[in-house]
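Just so we're on the same page: letters track the sequence lines, and every chain starts at 1.
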Number of protein chains: 2
Amino acid sequence: MSFVHLFRRYLREQGLPVTQQREAIAEVVFNSPEHLSVEDIEKKLRERGERIGKATIYRTLETLVRSGLVEEHDFGEGFKRYEHLFGQKPVREHLICTECGKVVDMHSTELHRVQDEAARQQGFLPARYRLQIYGLCADCRAAGAELRWEGLSCPIETV
Amino acid sequence: MSFVHLFRRYLREQGLPVTQQREAIAEVVFNSPEHLSVEDIEKKLRERGERIGKATIYRTLETLVRSGLVEEHDFGEGFKRYEHLFGQKPVREHLICTECGKVVDMHSTELHRVQDEAARQQGFLPARYRLQIYGLCADCRAAGAELRWEGLSCPIETV
DNA sequence: GTACGTGCAAAGTTTTTGCAAGAAA
DNA sequence: TTTCTTGCAAAAACTTTGCACGTAC
């Protein structure tokens with residue numbers, strides 16, 4: 001149920017002190033299935049009765065990311081979001097609905113393989129990747145939403 | 001050679017005034033093969049003898065992106081970069097070297113197809129996507145660089 | 001002449017940093 | 001006791017906004 005001991009182990013491995021704040025922040029992140037913003041984390045901590053400064057949250061998240069237990073995301077909202085990597089295979093593919101803003105996780109082994117291949121063909125040695133697909137989610141499509149193009153009437157016709 | 005007339009057409013279509021500043025900014029972006037930051041653009045404008053306020057640059061980039069002629073990128077540097085979509089097929093795949101920071105463009109038709117398929121399988125209607133692969137570029141590999149893992153010694157073993 | 005753009009500076013966001021006081025080992 | 005953390009507030013970095021003045025049409 002709780003994965004905090006993994007983080008504790010990482011801290012010890014690195015010779016870093018295990019503090020109340022670090023454990024509380026890790027617990028909050030590990031117990032949320034969503035992609036959390038720093039503000040979300042702060043709110044959840046307050047709900048638990050913990051009052052931890054933003055600076056500490058940022059600093060702890062940096063450590064969590066470095067430990068490999070948490071991943072940082074940027075969905076172009078102007079701030080970052082954080083997600084733990086337990087449960088299923090690490091999810092690095094996100095479908096982002098341009099209508100309702102919902103973010104759906106996805107995983108495709110084939111996709112992973114093709115990406116890897118393509119990168120290697122360029123002499124590149126891939127380590128991790130991040131894919132964001134923007135479009136309409138199933139719900140919004142069902143509700144009748146449509147993709148809209150507000151750009152040039154005749155997109156890119158190099159005339 | 002110059003694609004500015006496409007932007008002019010877009011502005012007219014939208015009933016927006018065509019101004020000197022808008023044309024100068026579009027020219028700078030259209031004539032650079034790189035991914036430009038707002039600061040880069042400002043510098044290039046100054047080199048051309050144009051002194052245009054940052055606010056205008058931001059506002060014009062917004063319009064350029066909406067026109068579909070320019071794409072906004074976020075490589076996690078803390079600021080955005082902009083790239084025109086002329087020349088080759090729109091490039092939405094980036095190989096980012098974690099050693100030297102270089103960003104290499106890539107394009108794979110197969111990759112595109114697999115992505116599309118995977119999204120549709122989830123009931124999602126894809127419109128555009130963005131892929132970032134982090135790793136080591138050919139040069140850094142040749143120079144002997146290696147991927148390093150500074151996270152937990154035994155990555156994610158849910159024990 | 002009217003509507004919209006421009007430039008400046010101020011305000012807004014999110015994130016980082018400096019430092020005195022405090023906790024972990 | 002020594003080292004590293006915490007929390008606050010200030011700073012930083014990028015972007016947006018308000019407003020008086022100018023320009024496109």
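- A donor-acceptor distance shorter than 3.5 angstrom exists from the side chain of A:Gln132 to the backbone of A:Asp74, with no hydrogens or angles considered.
- The separation between A:Gln21 atom CD and C:dA23 atom C1' is 9 Å, rounded to whole Å.
- Side-chain to base pairing of B:Arg59 with C:dG7: one donor and one acceptor N or O lie within less than 3.5 Å of each other.
- Residue A:Phe79 is classed as a sugar-phosphate contact, given heavy-atom separations below 4.0 Å to backbone atoms only.
- As rounded to whole Å, 12 Å separates atom C1' of D:dG7 from atom CD of A:Glu42.
- If you measure from atom NZ of B:Lys80 to atom C1' of C:dT14, you get 12 Å, rounded to the nearest angstrom.
- Listed pair A:Thr19 / D:dT6 meets the phosphate criterion, a side-chain N or O lying under 4.0 Å from OP1 or OP2.
- Using a 4.0 Å cut-off, some side-chain N or O of A:Tyr58 falls inside it from OP1 or OP2 of C:dT15.
- For the residue pair B:His107 / B:His112, no side-chain donor-acceptor distance below 3.5 Å is found, with atom types taken as modelled.
- Take the nearest nucleotide of DNA chain C for B:Gly53 and for B:Gly15: the residue whose nucleotide is more 5' is B:Gly15.
- Distance alone, capped at 3.5 Å, is enough to place a donor-acceptor pair between the B:Asn31 side chain and the B:Glu27 backbone.
- Between C:dG5 and B:Thr56, no contact under 4.0 Å exists linking OP1 or OP2 to a side-chain N or O.
- A distance-only check finds no donor-acceptor pair linking the side chain of A:Asp116 to the backbone of A:Arg113 [under 3.5 Å].
- Straight-line distance from the NZ atom of A:Lys54 to the P atom of C:dT13: 11 Å, rounded to whole Å.
- Nearest-nucleotide assignment on DNA chain C puts the 5′-proximal partner with B:Gln20, out of B:Gln20 and A:Val38.
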